[in-house]
Amino acid sequence: MERQCEVTLRGSLQRSLQVAASVALMGAFATPAALADSSIENIRHCSDSNWCYYDRDQSRGWRHSALGQIDTENVSSLRPAWIFQPGEVRQGLHGTPIVIDGDMYFSTNPSTVWKLDAGTGEREWVYIPEMDPAVISRSFFSHTRGLTVGEGRVYMGRADGHIVALDERTGDVLWDVQIVDSAKETAGFSGAGILVSADLFVLPQNGGEYPIEGKIFGIDPSNGSIKWTFHTTGRDDPHALATWGGDSWKYGGGGAWQPGTVDYANNQIIMGTGNPNPDYDYCGSDCRDPNADAHRPGDNLYTSSTVALDLDTGKLNWYFQEAPSDPYDYDSSPGEFLVLEDDNGRGVIFHPGKNGFNHAWDAKTGQPINVYASQNTQNWTTGYNLETGQWENMLWPKAGEKTLVCPAIDGGHSWNHGTYSPDTGLFYRTVQEWCMWLTVAPKGGADYITAGSGERVTEPFAQAFMAAEWIGTDPPGESSHGRITARDPISGDMAWERRYDIIPHSALLSTGGGLLFNGTMDGWLEAIDAENGSLLWKFNNGSAHNGGIISYDVAGKQYITVVSGQGSYVGYAVNALNSDKLINMKDSAAVIAFTLP
């Protein structure tokens with residue numbers, strides 16, 4: 001049973017809250033009250049006035065808005081239009097709102113869904129699921145980074161392993177299906193899904209930190225039934241299973257927790273997979289040998305990989321592993337896959353990885369075109385050899401020895417995405433320059449492990465198994481810092497960069513007004529000239545930024561809306577390295593909209 005709260009707005013700050021019980025499953029043939037303009041065609045071909053998907057356009061992944069009413073000449077007049085505070089604060093706000101024809105949908109931790117008037121911030125309804133508190137409390141992933149809207153429904157993957165479809169007009173539950181047994185596996189859902197078509201909704205399960213099998217699900221959006229499943233640790237795939245020693249694939253993790261991008265031209269979806277489990281292994285330089293003495297010997301396909309999956313079957317078209325036998329937790333599940341074209345019209349998939357590198361592949365074949373370092377201070381490899389197809393001179397931490405590894409566990413690029421502007425031809429991305437002291441536990445465990453159990457535990461429920469101590473630290477010879485880089489994405493040629501003493505952690509937004517928007521950890525929302533990187537305007541929202549920045553139009557007026565609120569594991573890690581600057585920073589949550597007077 002769930003609690004469904006629908007709020008009708010007819011006043012100022014006074015709200016009346018009506019609570020109605022809703023059954024757990026409304027039926028396989030439940031239909032929404034109205035399709036409005038969230039049909040799959042309008043989602044696929046997103047109007048400039050809307051923000052239809054996590055990265056705005058699910059077939060490009062650019063996070064670019066063509067709106068240009070707010071531009072480099074008038075941005076200095078930008079002012080707050082409204083502020084919405086959801087009340088309960090749990091690890092801040094991580095997600096990106098969706099806006100369809102003046103209606104805004106967003107999610108708050110752990111799995112609450114809100115609908116607002118995008119022009120005024122007034123609340124229209126809220127969905128608050130009742131979930132087992134024991135399951136929620138023991139999960140590392142009891143948070144949400146987004147939701148999906150389309151075909152008259154709002155789709156929400158919950159922390160307890162359920163997927164629900166809500167009527168976008170009323171918030172009523174249309175169907176509710178449990179896909180993951182979170183009471184047993186502890187993993188659930190935390191990222192947004194992708195409505196590929198009227199017949200296919202794709203949602204990945206999280207949980208690289210748990211000894212389970214990672215999965216990406218193809219779902220029937222009309223009723224929640226499973227159409228196909230891709231197993232990230234290689235079930236029924238001889239090529240992948242050969243890269244796991246024994247039956248370690250059954251406990252290999254690899255949960256994928258961010259949405260991908262649909263490459264319609266090649267009938268595939270591009271997704272990132274999570275790290276193998278445990279996160280760290282004691283086998284050192286022998287780890288890639290599937291016969292080595294280890295928790296998970298071998299390369300551990302298809303973990304820490306970009307995978308291209310056929311839309312009809314979920315079968316693998318191609319893959320690229322971003323850290324073989326991943327000894328650093330450089331999983332690919334933060335996502336961020338841009339569909340581009342090179343100068344010859346060839347389709348290209350571009351992806352910034354947690355490993356501190358940018359990757360460009362032929363969209364059809366997965367053949368690497370360019371792989372280049374984005375993080376200046378990375379030390380885990382001397383680079384990727386395009387001729388041999390190998391990462392060269394990988395750093396292999398030895399069990400029990402304190403080793404400096406760069407980037408840190410949270411990566412050279414984090415899960416808040418960059419933006420590509422077709423006007424400048426540049427890709428803008430926050431790069432994190434930081435490292436960690438890593439001490440991998442020996443066989444049998446150790447008493448210094450940072451989080452989780454010392455050995456694999458699956459009964460009565462899966463427990464986090466990470467098997468190391470990691471301590472964030474500065475890169476050699478300098479303090480931790482962030483950089484916003486502006487590059488040609490495929491060649492890597494740099495146009496400009498800005499340095500930040502405190503690593504920023506918002507997503508970035510580029511607009512048709514020649515602007516780049518960024519949110520900092522010390523509260524500033526910035527408008528930057530996309531051509532040259534100069535700062536044009538800033539406003540302090542009073543708390544850190546760990547979520548998305550979007551732009552949309554309501555009644556002919558352009559808005560810039562930002563998710564603000566201290567929280568997230570990455571945010572906490574940044575705070576720990578800057579406690580002298582981020583004084584008394586506490587979790588908070590707000591959605592703030594800006595427009596011109």
Side-chain angles (χ1 to χ4, degrees), residues 140 204 206-209 214 232-233 243 252-258 271-281 283-285 287-288 295-296 298-307 319-337 351-359 361 368 371-384 390-397 403-418 429-438 440 450-451 466-468 470-473 475 480 503 505 569-570 573:
F140 280 2
N206 59 36
E209 279 59 53
T232 65
T233 58
T243 67
W257 39 265
Q258 281 283 75
M271 301 285 293
T273 66
N275 54 277
N277 190 262
D279 296 51
Y280 303 103
D281 210 340
C283 41
S285 60
C287 278
R288 296 190 69 178
H295 292 296
R296 48 171 178 86
D299 278 356
N300 308 145
L301 292 176
Y302 297 100
T303 64
S304 297
S305 297
T306 291
V307 294
Y319 73 93
F320 182 93
Q321 193 167 39
E322 295 168 39
S325 194
D326 187 356
Y328 326 104
D329 199 346
Y330 294 164
D331 53 301
S332 310
S333 48
E336 191 171 9
F337 302 100
H351 166 64
K354 268 184 73 177
N355 61 8
F357 282 75
N358 288 332
H359 314 75
W361 304 289
V371 180
Y372 59 90
S374 176
Q375 191 196 39
N376 290 333
T377 53
Q378 71 82 22
N379 72 350
W380 69 273
T381 177
T382 56
Y384 182 82
Q390 295 293 321
W391 294 101
E392 297 186 323
N393 302 307
M394 289 178 63
L395 172 66
W396 294 100
T403 304
L404 183 69
V405 179
C406 309
I409 185 173
D410 292 309
H413 306 107
S414 186
W415 46 262
N416 269 318
H417 296 176
R429 191 60 166 89
T430 300
V431 183
Q432 302 173 156
E433 302 286 354
W434 55 358
C435 304
M436 64 178 169
W437 287 109
L438 178 66
V440 178
T450 297
M466 303 185 75
W470 62 94
I471 302 172
T473 191
S480 66
I503 295 172
H505 193 237
Y569 296 126
V570 180

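Values reported hereafter were calculated over all heavy atoms of this structure, with side chains retained and with hydrogens, waters and symmetry mates removed.
- Rounding to the nearest 0.5 Å gives a distance of 9.5 Å between CD of Gln258 and CD of Glu336.
- Side-chain contact between Thr233 and Thr303: present, with at least one pair of heavy atoms (C-beta onward) separated by less than 4.5 Å.
- By the 4.5 Å heavy-atom criterion applied to side chains, Met394 and Tyr328 are counted as neighbours.
- Judged by distance alone, with hydrogens and angles left aside, the side-chain atoms of Lys354 form no donor-acceptor pair with the main-chain N or O of Ala408 at under 3.5 Å.
- Considering CG of Asp329 and CG of Asp279, their distance stands at 4.5 Å, rounded to 0.5 Å.
- Note that OH of Tyr384 is 10.0 Å distant from CD of Glu392, once rounded to the nearest 0.5 Å.
- No side-chain heavy atom of Ser374 sits less than 4.5 Å from a side-chain heavy atom of Arg429.
- Between Ser304 and Asp331, some side-chain heavy-atom pair lies under the 4.5 Å cut-off.
- Scanning all heavy atoms of the two residues, the minimum distance from Ala256 to Gly272 falls at CB-O, 3.1 Å.
- Applying the salt bridge (Lys or Arg N to Asp or Glu O under 4.0 Å) test to Glu209 and every residue at least two apart in sequence or in another chain returns nothing.
- Taking both residues in full, the closest heavy atoms of Leu438 and Pro327 are given as CD2-O, 3.9 Å, listed atom of the first, atom of the second, then distance.
- Although no hydrogens or angles enter the test, the distance criterion places no donor-acceptor pair under 3.5 Å between the side chain of Arg288 and the main chain of Ser325.
- Leu395 is listed as a side-chain neighbour of Val405, based on a closest heavy-atom distance under 4.5 Å.
- In plain terms, the two heavy atoms of Gly208 and Asn275 that are nearest each other are O-ND2, 3.2 Å.
- With hydrogens and angles disregarded, no donor-acceptor distance shorter than 3.5 Å links the side chain of Ser480 to the backbone of Trp434.
- For Asp410, there are no side chain to side chain donor-acceptor pair (under 3.5 Å) partners at least two apart in sequence or on another chain.
- In this structure, Met466 and Phe140 have side chains that are in contact, with non-hydrogen atoms separated by less than 4.5 Å.
- For Thr450, the side-chain contact (heavy atoms from CB on, under 4.5 Å) partners at least two apart in sequence or on another chain are Glu469, Trp470.
- Between the CZ atom in Arg296 and the OH atom in Tyr280 there is a gap of 9.5 Å [rounded to 0.5 Å].
- Note that CD of Gln390 is 10.0 Å distant from CD of Gln321, once rounded to the nearest 0.5 Å.
- Between Pro407 and Trp380 the shortest side-chain heavy-atom distance falls below 4.5 Å.
- Side-chain N or O atoms of Ser332 include one that pairs as donor or acceptor with a backbone N or O of Ser305 at under 3.5 Å.
- With hydrogens and angles disregarded, no donor-acceptor distance shorter than 3.5 Å links the side chain of Asp299 to the backbone of Pro324.
- Phe357 and Trp391 have their aromatic ring centers within a separation under 6.0 angstrom.
- Checking side-chain atoms of Asn300 against main-chain N and O of Pro276 turns up no donor-acceptor pair under 3.5 Å.
- Judged by distance alone, the side chain of Glu322 and the main-chain N or O of Gly353 form no donor-acceptor pair under 3.5 Å.
- For His359 and Thr306, the side-chain atoms include no donor-acceptor pair closer than 3.5 Å.
- Distance check, rounded to the nearest 0.5 Å: SG of Cys283 to CH2 of Trp396 gives 7.5 Å.
- Here the side chains of Met436 and Ile471 are not in contact, with every heavy-atom distance at 4.5 Å or above.
- Put simply, the side chain of His417 gets close to the backbone of Pro334: a donor and an acceptor are under 3.5 Å apart.
- With Glu433 contributing its side chain and Asn376 its backbone, the two residues share a donor-acceptor pair below 3.5 Å.
- Side chain of Thr232 to main chain of Gly254: a donor-acceptor pair is present (N/O by atom type, distance under 3.5 Å, no hydrogens or angles).
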- request: Would you please test Leu404 and Trp437 for side chain to side chain contact (heavy atoms under 4.5 Å, CB included) and show each step?
  value: CA-CA 5 Å; Leu404 183 69; Trp437 287 109; 3.6 Å; yes
